[in-house]
**Q** 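Have a look at this one.
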Amino acid sequence: MLDNFYNVLLKSREQISRSLKLFSNQKLSTKQLEDLEEKLIETDMGYDTVQDILSLFQNSFEDKLSGDIRSYLVKSLSVDFNFKNKNNQTVILIVGVNGSGKTTSLAKIANYYKKKGKAITIIAADTYRAAAVEQLQIWSEKIGCKIVHNKNSKEPSSVLFNGLDSAKTNKSDIILVDTAGRLHTHGNLMLELEKMQNIICKRFPEFDHYSLITIDASLGQNSLIQAKEFKKYCNLKGVILTKLDGTAKGGIIFPLYKKLNIPVRFIGIGEKLSDIATFDPELYVDGLLGTKTGKI
Ligand code: GDP
């Protein structure tokens with residue numbers, strides 16, 4: 001796990017840690033502070049986080065600086081998830097824009113829980129994209145879990161209802177629902193998400209339920225706007241931050257917490273079923289700063 005985080009954050013680390021290292025052994029002039037500010041803003045960490053780091057540069061003792069930055073960043077990501085399940089059966093609705101990694105992440109999470117001994121049902125409720133259903137069928141066979149789909153239906157809520165009914169009968173522990181990709185500007189599709197949530201809450205109140213949004217880390221600040229809009233329609237309880245491998249925009253996680261108060265639950269670190277990790281603030285920050293050994 002430690003190496004997963006460390007390796008995958010290489011590009012982000014190169015950007016963030018290089019800027020910090022460049023300035024960390026000296027008292028900074030106003031010009032140097034401005035240069036550092038500019039470099040840190042480029043990492044997508046967000047204005048507030050950058051200002052807090054600059055203030056640490058001005059106020060921390062030299063030998064404490066890297067430890068103080070690390071502690072501050074870890075604390076920023078250590079939000080209490082309040083994510084305890086009351087009941088045995090939990091429905092997880094996966095939402096997000098097209099191409100952000102919904103279907104892939106759903107399969108990875110199914111595989112993750114299956115390996116923990118949980119009984120899984122996948123509900124393929126993306127009725128707009130036949131390829132998504134086919135992809136999930138292949139994955140469900142590979143994982144060894146149930147899947148409910150209806151290729152003839154164009155009505156996601158009906159597929160959802162049938163899937164939940166079936167998961168209730170077969171006593172699945174985790175029920176993962178794939179939804180069609182949508183832009184936050186698609187009013188009707190956003191209302192459809194609301195409808196799906198209502199079906200879960202009102203028709204199956206015995207299930208715990210929450211939604212996770214897939215955010216493509218490589219989109220940087222744009223992903224914040226998406227998440228903000230989805231939050232208006234969905235009971236978003238977490239983010240799956242995808243495609244962290246290959247992007248230098250790993251700093252985007254800070255504004256996600258600060259501006260939206262949505263915690264990251266999983267990170268996507270590749271295209272394979274096993275390329276997912278549960279989120280750990282300390283490992284993440286060490287991966288960003290290069291503090292695996294304690295120092296920047
Ligand atoms: P959806 O449209 O939101 O369902 O997106 P998909 O799950 O179909 O994923 C879109 C593309 O992103 C596919 O080519 C996936 O293999 C790829 N993908 C998804 N998650 C990751 C990830 O964590 N890392 C990388 N490198 N690729 C990913």
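These values consider heavy atoms only, across backbone and side chains, with no hydrogens, waters or symmetry-generated copies. One-based numbering, in listed order, for ligands and for the atoms of each.
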**Q** Among all the protein's non-hydrogen atoms, which is closest to atom 8 (O) of ligand 1, and how far away is it?
**A** R129 NH2, 3.8 Å

**Q** Is the closest heavy atom of S100 to ligand 1 under 4.0 Å?
**A** yes

**Q** Could you go step by step and tell me if D173 and Y113 meet the side-chain hydrogen bond (donor to acceptor under 3.5 Å, both in side chains) rule?
**A** CA-CA 9 Å; D173 302 306; Y113 282 118; over 6 Å; no

**Q** So, T247 versus S218: side-chain donor-acceptor pair below 3.5 Å or not?
**A** no

**Q** As a quick check of understanding, evaluate side-chain contact (heavy atoms from CB on, under 4.5 Å) for Y284 and L244, giving each step before the final call.
**A** CA-CA 11 Å; Y284 195 91; L244 267 172; 3.6 Å; yes

**Q** Closer than 4.0 angstrom: is that true for some heavy atom of L106 and an atom of ligand 1?
**A** no

**Q** Nearest protein heavy atom to atom 7 (O) of ligand 1, by residue and atom, and its distance?
**A** T104 OG1, 2.5 Å

**Q** Ring-plane angle category for F266 and Y112, please: parallel below 30°, perpendicular beyond 60°, tilted otherwise.
**A** perpendicular

**Q** Quick check on contacts: which atoms of ligand 1 are under 4.0 angstrom from a heavy atom of V97?
**A** 3 (O)

**Q** Donor-acceptor pair, K102 side chain versus V97 backbone, under 3.5 Å?
**A** yes

**Q** Can you tell me how far CG of L40 sits from CG of L20, rounded to the nearest 0.5 angstrom?
**A** 5.5 Å

**Q** Can you hop from I94 to L189 via hydrophobic side chains spaced under 4.5 Å?
**A** no

**Q** First locate atom CD1 of I123, then atom CG of L164, and finally report the distance between them rounded to the nearest 0.5 Å.
**A** 4.0 Å

**Q** Give the atom numbers and elements of ligand 1 that come within less than 4.0 Å of a heavy atom of I269.
**A** 23 (O)

**Q** Applying a heavy-atom cut-off of 4.0 Å, say which part of L244 lies close to ligand 1: side chain, backbone, both or neither.
**A** neither

**Q** For the pair D216 and T242, evaluate side-chain hydrogen bond (donor to acceptor under 3.5 Å, both in side chains) and give the outcome as yes or no after the intermediate values.
**A** CA-CA 5 Å; D216 178 343; T242 62; 4.7 Å; no

**Q** Could you walk me through whether Q221 and K249 satisfy the side-chain contact (heavy atoms from CB on, under 4.5 Å) test, starting with their C-alpha distance in whole Å, then the side-chain angles of each, then the deciding distance to 0.1 Å, before giving a yes or no?
**A** CA-CA 9 Å; Q221 297 286 332; K249 295 183 183 290; over 6 Å; no

**Q** For K102, take its heavy atoms, then give the atoms of ligand 1 lying under 4.0 Å from any of them.
**A** 1 (P), 2 (O), 3 (O), 4 (O), 5 (O), 7 (O)

**Q** Closer than 4.0 Å to some heavy atom of G268 - which atoms of ligand 1 meet that?
**A** 23 (O)

**Q** In terms of residue, atom name and distance, what is the protein heavy atom nearest to atom 18 (N) of ligand 1?
**A** K243 CE, 3.9 Å

**Q** Can you pull out the closest protein heavy atom to atom 4 (O) of ligand 1? Residue, atom name and distance to 0.1 Å, please.
**A** T103 OG1, 2.7 Å

**Q** In plain terms, say whether D48 and K259 are close enough for a salt bridge, that is, a side-chain N and a carboxylate O under 4.0 Å apart.
**A** yes

**Q** Check whether any heavy atom of D275 sits under 4.0 Å from an atom of ligand 1.
**A** no

**Q** For atom 5 (O) of ligand 1, grab the closest protein heavy atom and report residue, atom and distance to one decimal in Å.
**A** G101 N, 3.1 Å

**Q** Check this for me, if you would: do K31 and E34 make a salt bridge, where the nitrogen-to-carboxylate-oxygen distance has to be below 4.0 angstrom?
**A** no

**Q** Checking contacts here: is it the side chain or the backbone of D245 that comes within 4.0 Å of ligand 1, counting heavy atoms only? Could be both or neither.
**A** side chain

**Q** Among all the protein's non-hydrogen atoms, which is closest to atom 27 (N) of ligand 1, and how far away is it?
**A** E271 CG, 3.3 Å

**Q** Should K108 be listed as contacting ligand 1, given a heavy-atom distance under 4.0 Å as the test?
**A** yes

**Q** Is the shortest N/O to N/O distance between S105 and ligand 1 below 3.5 Å?
**A** no

**Q** With a 4.0 Å cut-off on heavy atoms, is G99 touching ligand 1?
**A** yes

**Q** T214: heavy atom below 4.0 Å from ligand 1, yes or no?
**A** no

**Q** Below 4.0 Å from any atom of ligand 1, is there a heavy atom belonging to G270?
**A** yes

